[in-house]
Amino acid sequence: MVAADWPVHSVQDKILLLGLGAWGKTILSVLNRQGFSVRIWQRHQGPLTPGQLEPIQIIISTLPIQGVRGIAQQVQALNLPPGRVLISATKGLEPQTAATATQIWTELLPQAQIVVLSGPNLAAEINQGLPAAAVIGGDLEIAAQAQSLFAMPTFRVYTNPDRRGVELGGVLKNVMAIACGVNDGLGLGVNARSALITRGLLEMVRVGTHWGGDIQTFYGLSGLGDLLATCTSPLSRNYQVGWHLAQGTALKDALERVIGTAEGVNTALVLSDYAQAHDLDVPITQAVTTVLRDEVTPQQALTQLLERPFKVETLDH
Ligand SMILES: NC(=O)C1=CN([C@@H]2O[C@H](COP(=O)(O)OP(=O)(O)OC[C@H]3O[C@@H](n4cnc5c(N)ncnc54)[C@H](OP(=O)(O)O)[C@@H]3O)[C@@H](O)[C@H]2O)C=CC1
Ligand SMILES: O=C(CO)COP(=O)(O)O
């Protein structure tokens, strides 16, 4: 079936997928099921060539954050013509700059129409054909065009004009997924995990609105939705990292045991430094960071969280 409300035939064979990891493969299979043939770039192919980029109308990036700037520079060097659409599915922060993927793409390709695909989308479930919902954040006209690429009954895609908020929801929830993996690895129960999710959402709202996202967006699919998915599912790589840390496994070994990218590790480190420099209150992120840096054990981090002063339940702290 091919979605009808975009001249989709005009993008047949004009979609370039960057990266073919877990999420790239899933996106590819969704697009193939929609009837699109897709071109693929992977890093082992070497630098992008003018011939590879020339026919392309839509670029979809499923790269982890550490790969984004390098490929964006390659696309920039090839002078991407104006009006091309770029759909970013990356959920991370650049270590040196704390930039999100769309900030990097926008810096290097200001002429592109950039939107974000995010939401509770564990690749393994979508691969099984289980139903899921996602959201495309960005200019509503472009987002609706992107929506028409992916949307099918088992993959319900919404649009949201708040690109920044949609992107940050997917970025920030990864830290909370690590915390919840630690919680479950320590056997602390559903009450504690629910508290972490709830307080974690407030922390995401605090940071996300500070960084320009709309508060409402964090209660949608890319915020609360993805937070619930990754904080409660052992399929989440970030959750798995936390779970391994709770077993006393060193971070390096935990990362080797987890198959694929766990963006939350880097995000926690970047965010915790940023929060300290800008006086932002992010207790769960700080707790995760002290465990990642091996400064305290997971149990000690939890005790420190619980021993903080009692307070009124507000968004402010
Ligand atoms: N998996 C999921 O369920 C979802 C993941 N995401 C997000 O998508 C992004 C990718 O995740 P995922 O596909 O799971 O990750 P994987 O680790 O499974 O795959 C990463 C892919 O990116 C390539 N890659 C890694 N580093 C670089 C680099 N420096 N330059 C170019 N290519 C590189 C890898 O290539 P190689 O094979 O050569 O190593 C691989 O193809 C992350 O930001 C993640 O948060 C978003 C939604 C769902
Ligand atoms: O973002 C995801 C699901 O929406 C994937 O989560 P993990 O990267 O933790 O596996």
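No hydrogens, no waters, no symmetry mates; every other heavy atom, side chains included, goes into these values. Both counts, for ligands and for their atoms, begin at 1 and track the order of listing. Nothing here was measured: the structure is a model prediction, and the numbers come from that model.
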> Given side chains that start at C-beta, do those of Val207 and Tyr274 come closer than 4.5 Å, heavy atoms only?
Replying inline: no
> Using a distance-only test with no angle check, is there a side-chain donor-acceptor pair under 3.5 angstrom linking Thr102 and Glu167?
Replying inline: yes
> Rounded to the nearest 0.5 Å, how far apart are NZ of Lys173 and CG of Leu228?
Replying inline: 11.5 Å
>> Heavy atoms only: which of Lys173, Glu125, Arg237 lies closest to atom 8 (O) of ligand 2?
In response: Arg237
>> If the test is side chain to side chain contact (heavy atoms under 4.5 Å, CB included), which one of Leu149, Val135, Ile87 qualifies with Leu117?
In response: Ile87
> To the nearest 0.1 Å, how far is atom 4 (O) of ligand 2 from its closest protein heavy atom, and which atom is that?
Replying inline: Asp226 OD1, 2.7 Å
>> List the protein residues in contact with ligand 1, where contact means a heavy-atom separation under 4.0 angstrom.
In response: Leu20, Gly21, Ala22, Trp23, Arg43, Thr62, Leu63, Pro64, Gln66, Gly67, Ala89, Thr90, Lys91, Asn121, Leu122, Ala123, Arg237, Gly260, Thr261, Glu263
> Mind checking whether Asn121 has an N or O less than 3.5 Å away from an N or O of ligand 2?
Replying inline: yes
> Between the side chains of Thr285 and Glu203, does any donor sit under 3.5 Å from an acceptor?
Replying inline: yes
>> Here's a test for you: under side chain to side chain contact (heavy atoms under 4.5 Å, CB included), which of Ile60, Asn32, Val38 qualifies with Ile27?
In response: Ile60
>> Could you tell me if the side chain of Tyr239 sits less than 4.5 Å from the side chain of Cys231, heavy atoms only?
In response: no
> If only atom types and distance count, is the side chain of Arg39 paired as donor or acceptor with the main-chain N or O of Lys14 below 3.5 Å?
Replying inline: no
>> Is there a polar contact, in the sense of an N or O pair closer than 3.5 Å, between Asn238 and ligand 2?
In response: yes
> By number and element, which atoms of ligand 2 are closer than 4.0 Å to a non-hydrogen atom of Ser236?
Replying inline: 7 (P), 9 (O), 10 (O)
>> I'd like to know if the side chain of Thr62 reaches the main chain of Gly19, judged simply by a donor and an acceptor atom lying under 3.5 Å from each other, with no hydrogens or angles considered.
In response: yes
> For ligand 2, is Gly119 a contact, meaning one of its heavy atoms is under 4.0 Å away?
Replying inline: yes
> Can you list the atoms of ligand 2 that are under 4.0 Å from a heavy atom of Lys91?
Replying inline: 1 (O), 2 (C), 3 (C), 4 (O)
